[in-house]
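Quick notes on the structure that follows.
Residue indices begin at 1 and follow the sequence shown.
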Amino acid sequence: MDGLDGNISIAGLSVLLQAGNLDPVQLAETTLKRIAGYQDQAIFTAVLGERALAEAKASGERIRSGRSRGLLDGIPVAWKDLFDTKGAVTTAGSAVLADSAPAEADAAVVKALAEAGMVSVGRTNLSEFAFSGLGINPHYGTAHNAASRDVPRIPGGSSAGSGVAVAAGLVPVAIGTDTGGSIRIPAALNGIVGYKATRGRYSMQGVYPLAKSLDSLGPLCRTVQDVVWVDAAMRGRAAPDIGRTDVSDLKLVIPETVVFDDAEPGVATAFEAAISRLEKAGARITRRAFPIFAEIFALMARHGALVTAEAYALHKERLQGADAERMDQRVVARTRLGERISMTDYVAILDARQRLIAALADNLEAGELMAHPTLPHVAQPIAPLLANDDLFFQVNGKTLRNTSIGNFLDGCGVSIPCGTADAGMPVGFLLSGQRNEDGRLLSAALSAEAVIRGDA
């Protein structure tokens, strides 16, 4: 069993489990052994060994007796350390919560995947309080990008450990949160698939927040098919309800505003190569300006960022007490910017947001999805970012730029690997839809994935 390929997809594991060729307990033991033996011990904040083995044993008994709960029964899953798992402390990547009482119950989506038969194996590391796109954490260590072959590079954040755990072959799926790109960024930087659902598609009960107007959830997996399967279970569905379309039915629009600014040449080249493949496969591609993208950043410059306002409201009391000294000072500095955002500013941001969401619908033709690079750069080396605060904040802002547009406009998005660029590092291709277009987005991603990757 130790020889089981760590890069096998959920679909591949499911075939083995359901046929009785792989026992869930053996799979759980192999997974736990890999996690314990992996050289980078900053990926997980906690391993749920006892729970994993108990859930795997129950799964095996169900499958052997013909009572399988479906495609996901026996599949290991890891959780970003924002989701409550019964009996474990939810640290949110912060030392100040490390001594909190253990959760009394599972978060709603943890319960949903447990009911689908999935096996919870651990809790993954993140940027403290999920407030950075880089994934650096001074308390629990910084997980190293799984794709780097030269120097330690950022994992991307804030769902840092979730992205690395999947990319390193430790688990087939990890669940993250996304407030400004925190699923799609680590997925893109590590060369895997990451799906940010429309806010509200899944229950947020039992999930530690950052900014409730922006917070959303989603899985990080090896394939879009895996995402579709997990998405169904997170919504309490007994089976996937999203199918493929034909690539020739796809209508993609490439925004010419903001998203390519200061993009690394290698990133642009990999993205354009994927677009060329899609065109040859029959997808209809158009390019046009999206002035509303620029307006979002002008709005932030004038009134402040929505995420900062809400994060400050959440942490105001903590920042005024002794806890502030125990936090990552970069997180403290960024959160305190929210103190400058007045109620008038906040209301202006919310009003403008609704107007811009409506304007996006006017900018898109029926059936169009947006496509652009997930990030304008590949994963950066960690050391220079630790040594220079100004560089840290500059890179953090650039890292979050493209993805945060989708959060502000309350949409959905899926990042798919489309090639490599500088230092052989992965490049992400971001497909995005409007609010509640998740089904159409995932259907399009299913049909386009092989072409985007260059496998078709």
Side-chain angles (χ1 to χ4, degrees), residues 1-13 26-49 52 75-81 93 118-127 133-137 140-176 182-195 218-224 226-227 230 374-375 378-382 415-417 420 423-428 453:
M1 281 307 304
D2 288 350
L4 183 69
D5 184 0
N7 294 323
I8 192 169
S9 67
I10 289 175
L13 288 171
Q26 291 176 306
L27 177 57
E29 289 174 341
T30 298
T31 300
L32 294 171
K33 183 177 180 180
R34 280 187 176 143
I35 292 169
Y38 194 70
Q39 61 182 359
D40 186 352
Q41 287 294 300
I43 298 171
F44 287 83
T45 58
V47 177
L48 307 176
I75 300 292
V77 59
W79 298 93
K80 185 177 185 177
D81 198 347
M118 298 193 78
V119 174
S120 292
V121 298
R123 305 174 58 79
T124 56
N125 200 356
L126 65 150
S127 308
L134 304 185
I136 290 172
N137 187 304
Y140 299 95
T142 297
H144 294 176
N145 190 296
S148 179
R149 296 295 178 266
D150 53 3
V151 296
R153 292 175 179 267
I154 58 170
S158 62
S159 305
S162 295
V164 177
V166 174
L170 302 180
V171 291
V173 55
I175 311 301
S182 291
I183 290 169
R184 294 158 292 160
I185 290 168
L189 293 182
N190 286 277
I192 59 173
V193 175
Y195 163 57
L220 297 94
C221 306
R222 306 204 71 80
T223 70
V224 176
D226 288 354
V227 166
V230 175
T374 310
L375 292 91
V378 298
Q380 304 294 294
I382 293 172
S415 181
I416 299 170
T420 57
M425 296 302 294
V427 175
R453 288 179 180 266

Distance check, rounded to the nearest 0.5 Å: [X] atom [atom1] versus [Y] atom [atom2]?
{"X": "N145", "Y": "I382", "atom1": "CG", "atom2": "CD1", "result": "8.0 Å"}
{"X": "I185", "Y": "S415", "atom1": "CD1", "atom2": "OG", "result": "9.5 Å"}
{"X": "I416", "Y": "R184", "atom1": "CD1", "atom2": "CZ", "result": "13.0 Å"}
{"X": "T30", "Y": "L170", "atom1": "OG1", "atom2": "CG", "result": "12.5 Å"}
{"X": "T31", "Y": "K33", "atom1": "OG1", "atom2": "NZ", "result": "12.0 Å"}
{"X": "N125", "Y": "Y140", "atom1": "CG", "atom2": "OH", "result": "8.5 Å"}

Legend entry - Test side chain to side chain contact (heavy atoms under 4.5 Å, CB included) applied to A46 - qualifying residues, sequence neighbours left out: R123

Legend entry - Qualifying residues under side chain to side chain contact (heavy atoms under 4.5 Å, CB included), relative to S182, sequence neighbours excluded: K80, S158, S159

Legend entry - Pairwise side-chain contact, V166 with R222, heavy-atom cut-off 4.5 Å (strictly under): yes

Legend entry - Validation row: I35, I43 side chains within 4.5 angstrom (heavy atoms): no

Legend entry - Those residues that, when tested against T223, pass side-chain hydrogen bond (donor to acceptor under 3.5 Å, both in side chains) (two or more places apart): D226

Legend entry - Partner set under side-chain hydrogen bond (donor to acceptor under 3.5 Å, both in side chains) for S127, not counting sequence neighbours: none

Legend entry - Given L32, I10, V121, the one that forms side chain to side chain contact (heavy atoms under 4.5 Å, CB included) with P76: V121

Legend entry - Side-chain (Q41) to main-chain (Q39) donor-acceptor, under 3.5 angstrom: no

Inset, instruction - Please answer whether the main-chain N or O of S148 pairs with a side-chain N or O of R153 as donor and acceptor at a distance below 3.5 Å. - result: no

Restricting to non-hydrogen atoms, name the atom on [X] and the atom on [Y] that form the minimum distance, rounded to 0.1 Å.
{"X": "A78", "Y": "F44", "answer": "CB-CE2, 3.9 Å"}
{"X": "I175", "Y": "V230", "answer": "CD1-CG1, 4.0 Å"}
{"X": "V227", "Y": "P219", "answer": "CG1-CG, 4.1 Å"}

Legend entry - salt bridge (charged side-chain N to carboxylate O under 4.0 Å, His left out) against R453, all qualifying residues, sequence neighbours excluded: E449

Inset, instruction - Apply side chain to side chain contact (heavy atoms under 4.5 Å, CB included) to the pair T124 and V164, showing each step before the final yes or no. - result: CA-CA 9 Å; T124 56; V164 177; over 6 Å; no

Show me the side-chain donor-acceptor pairs of residues 187-195 shorter than 3.5 Å, one per line, residues at least two apart or across chains.
from, atom 1, to, atom 2, distance (Å)
N190, OD1, A146, N, 3.0
N190, ND2, P155, O, 2.9
N190, ND2, P186, O, 2.9
Y195, OH, R201, NE, 3.3
Y195, OH, D438, OD2, 2.6

